[in-house]
Amino acid sequence: MAFTLVNAHFRDVNVIMRGMATGMRLLAGGVLSMDGLVSHRFPLEEINAAFAALRDKPDGFVKAVVTFPEE
């Protein structure tokens, strides 16, 4: 089987927000993992390095996440 996807996204804000809420619930519940997608993590104090990685795309770069301190 093969699939061809062409411009597959929604423009309806309610659909987008519902999908984001579902995704966040699945992440928080441990059903989904970002490990295969997020290749770099940066604390907020290193946000300039995060933007540099986004610009420079170092080896192995897929996505970066800026993390915030837990309170």
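As a basis for the values below, the full set of heavy atoms in this structure was taken, side chains included, without hydrogen atoms, waters or symmetry mates.
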Side-chain donor/acceptor pairs under 3.5 Å, residues 43-50, sequence neighbours excluded:
none

D56 (side chain) donor-acceptor with P58 (main chain) under 3.5 angstrom: no

Linked, directly or transitively: V65 and L54 (ILVMFWY side chains, under 4.5 Å): no

Partners passing side chain to side chain donor-acceptor pair (under 3.5 Å) against R25 (at least two apart in sequence or in another chain): T22

In one Ile/Leu/Val/Met/Phe/Trp/Tyr side-chain cluster, 4.5 Å: V66, L37: no

Cluster check V38, M20: I/L/V/M/F/W/Y, side chain < 4.5 angstrom: no

Sequence neighbours excluded - ring-ring contact (aromatic ring centres under 6.0 Å, His included) pairs with any residue from residues 38-71: H40-F61

